[in-house]
Every structure is written in C-alpha cells, then in structure tokens.
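What follows is one structure encoded as structure tokens, with my remarks underneath.
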Amino acid sequence: QWVYNILEKKAEADRIVHENPDPSNGFVMVPDLKWNQNQLEDLYLIALVHRREIKSLRDLTAEHLPLLRNVLQEGKEAIVKRFGVPGSQLRIYLHYQPSYYHLHVHFTALGYDAPGSSVERAHLLADVIDNLAMDSMYYQKRALTFPLRADEPLFKKFQEAGKV
C-alpha cells in the first residue's frame with residue numbers, strides 16, 4: 001500500500017525527485033528512507049514503476065525493455081540534475097528476492113555499501129537489460145540464487161520442504 005500511496009501521490013508527494021507519468025514506461029523516483037538526503041556519499045533513491053502487474057525480476061521480458069531503458073536513462077538524468085552525481089558514480093540495480101513485490105529499481109552512490117547491494121541479491125539494471133535483449137524469457141528460465149536470513153518465513157518454508 002505504501003508504494004501505491006506514493007504512485008497515487010497520497011503520500012510522500014513532496015519527496016518526489018522525478019516522475020514520468022506514462023502508465024506503461026513511467027515511474028516515480030523518491031529518496032529511500034535510509035538516506036537523510038544530506039550526504040551524497042550515501043545517496044540512495046528508489047524508482048517505483050507505474051505498472052502494477054510487474055512484481056519482480058522474474059516477471060520481466062523483452063516487452064519491458066522500453067520501461068527498463070527509460071528508468072535507467074531518466075533516473076540517471078534526474079540524479080545528475082538534482083544532486084550533481086553522474087551516472088558513472090551510481091550503482092543501479094534490482095533485488096531478487098525483493099523486499100516488496102512491486103518492481104522498483106535502486107539507485108545508490110557507487111561508494112556506498114548499501115544493504116542488499118552485494119552480488120548475491122543485486123542485479124545490475126544494465127545487465128538485466130542486456131540479458132532480456134538476448135533472451136526475452138531470460139528471467140523465467142534462469143536459476144537465481146539469493147541469500148535468506150534464518151528468521152525469514154521463506155527460509156522456514158525451504159527448511160520444511162527439505163531444500164536447505
């Protein structure tokens with residue numbers, strides 16, 4: 001609901017850094033709650049896509065390439081315009097598994113060791129775009145490994161199924 005409130009401007013409208021209202025290829029970019037917006041060293045923004053049917057990396061196909069390319073390009077442009085941080089100094093990625101199931105993209109300062117920015121969980125947006133350009137169904141076919149904490153419900157389900 002938090003995501004939908006932002007997209008519908010019922011919450012955090014004053015925090016929006018950039019918005020493209022296009023229902024198919026648009027998104028809203030807001031500072032992550034972990035970032036105080038004072039230090040560029042730990043810059044952290046989230047792009048929330050307007051399309052509600054895309055829940056995670058697993059849902060992406062080549063059909064979504066215009067959306068993903070738009071998030072990448074416009075997101076970088078918005079950050080350099082607003083904060084003066086060039087795209088070459090950003091880490092731009094998606095989580096798998098995500099913390100919530102509505103497609104969103106993380107934009108962090110390259111030098112910031114953000115939670116979940118490690119290789120086991122973060123998938124660089126540029127790589128995702130390249131993978132989908134090569135194979136439209138890449139993320140439906142590919143085995144994706146990801147870390148889980150011992151107290152997470154999904155980990156418990158894996159244990160119960162004898163998969164851990």
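The analysis underlying the following values was restricted to heavy atoms, covering all of them including side chains, and did not include hydrogens, waters or symmetry mates.
One hydrophobic cluster, built from ILVMFWY side chains closer than 4.5 Å, holds both Ile92 and Leu124. Residue Leu132 is grouped with residue Leu144 when hydrophobic side chains (ILVMFWY) are merged at heavy-atom distances under 4.5 angstrom, including chains of intermediate members. Linking ILVMFWY residues whenever their side-chain heavy atoms come closer than 4.5 Å, directly or via other members, places Phe146 and Val105 in the same cluster. Hydrophobic clustering (ILVMFWY, side-chain heavy atoms < 4.5 Å, transitive): Val3 and Ile16 are in one cluster.
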Inset, instruction - List the steps and the verdict of side-chain contact (heavy atoms from CB on, under 4.5 Å) for Val85 and Val80. - result: CA-CA 5 Å; Val85 177; Val80 76; over 6 Å; no
Inset, instruction - Begin from the C-alpha positions of Tyr44 and Asn36 and carry the test side-chain contact (heavy atoms from CB on, under 4.5 Å) through to its verdict. - result: CA-CA 9 Å; Tyr44 197 149; Asn36 65 16; over 6 Å; no
Inset, instruction - Just do the side-chain contact (heavy atoms from CB on, under 4.5 Å) check on His102 and Tyr4 with the steps written out, would you? - result: CA-CA 9 Å; His102 178 97; Tyr4 298 147; 3.7 Å; yes
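Between Trp2 and Tyr100, the distance separating the two ring centers is shorter than 6.0 angstrom.
Applying the side chain to side chain donor-acceptor pair (under 3.5 Å) test to pairs two or more places apart or on separate chains, those with a residue in residues 77-87 are Gln73-Glu77.
Proximity of a side-chain donor or acceptor of His50 to a complementary backbone N or O of Asn20 within less than 3.5 Å is detected. A distance-only check finds no donor-acceptor pair linking the side chain of Arg51 to the backbone of Pro23 [under 3.5 Å].
Classification of the His123-Tyr139 ring pair by plane angle, with boundaries at 30° and 60°, yields perpendicular. Ring orientation note: the planes of His106 and His95 are tilted relative to one another, at an angle of 30° to 60°.
A heavy-atom distance below 4.5 Å is not found between the side chains of Glu8 and Val28. Side-chain contact check for Glu12 versus Asn5: every heavy-atom pair is 4.5 Å or farther apart. Residues Val128 and Leu94 meet the side-chain proximity criterion, which asks for heavy atoms closer than 4.5 Å. A heavy-atom distance below 4.5 Å is found between the side chains of Ile129 and Leu65. Residues Val30 and Val17 form no side-chain contact, since every pair of their non-hydrogen atoms from C-beta on lies 4.5 Å or further apart. Side-chain contact between Leu103 and Asp59 is absent, with no heavy atoms from C-beta onward closer than 4.5 Å. A heavy-atom distance below 4.5 Å is not found between the side chains of His64 and Val49. At a threshold of 4.5 Å between non-hydrogen side-chain atoms, the residues Ser117 and Tyr93 count as touching.
If you take OH on Tyr112 and CG on Leu110, they are separated by 13.5 Å, rounding to the nearest 0.5 Å. Atom CZ of Phe107 sits about 10.0 Å away from atom CG of Leu43, to the nearest 0.5 Å. Put simply, CG on Asp42 and NZ on Lys34 are 11.5 Å apart, with the number rounded to the nearest 0.5 Å. The distance from atom NE2 of His104 to atom CG of Leu45, rounded to the nearest 0.5 Å, is 13.0 Å. Between the CG atom in Asn131 and the CG atom in Leu60 there is a gap of 11.0 Å [rounded to 0.5 Å]. The structure places CG of Leu57 at 11.5 Å from CD1 of Ile54, a figure rounded to the nearest 0.5 Å.
Take Asp135 and apply the side-chain contact (heavy atoms from CB on, under 4.5 Å) test, not counting sequence neighbours, and it matches Met137, Tyr138, Lys141. Applying the side chain to side chain donor-acceptor pair (under 3.5 Å) rule to Lys9 yields the partners Glu19; only residues at least two apart in sequence or on another chain are considered.
Residue Lys157 qualifies as open at atom NZ: its count of foreign heavy atoms under 6.0 Å is 12 or below. Annotation for Asp113: atom CG does not count as buried by contact number, only 12 or fewer foreign heavy atoms lying within 6.0 Å.
Here the shortest heavy-atom pairing between Leu67 and Ser24 reads CD1-O, 3.9 Å. Of all heavy-atom pairs spanning Ser136 and Ala62, the tightest one is OG-N, 3.1 Å. Nearest approach of Lys156 to Ala150, heavy atoms of both residues: NZ-O, 3.4 Å. Residues Ser99 and Arg121 approach most closely at N-NH2, 3.5 Å, considering heavy atoms.
Side-chain contact annotation: Tyr96 with Arg58, donor-acceptor N/O pair under 3.5 Å present.
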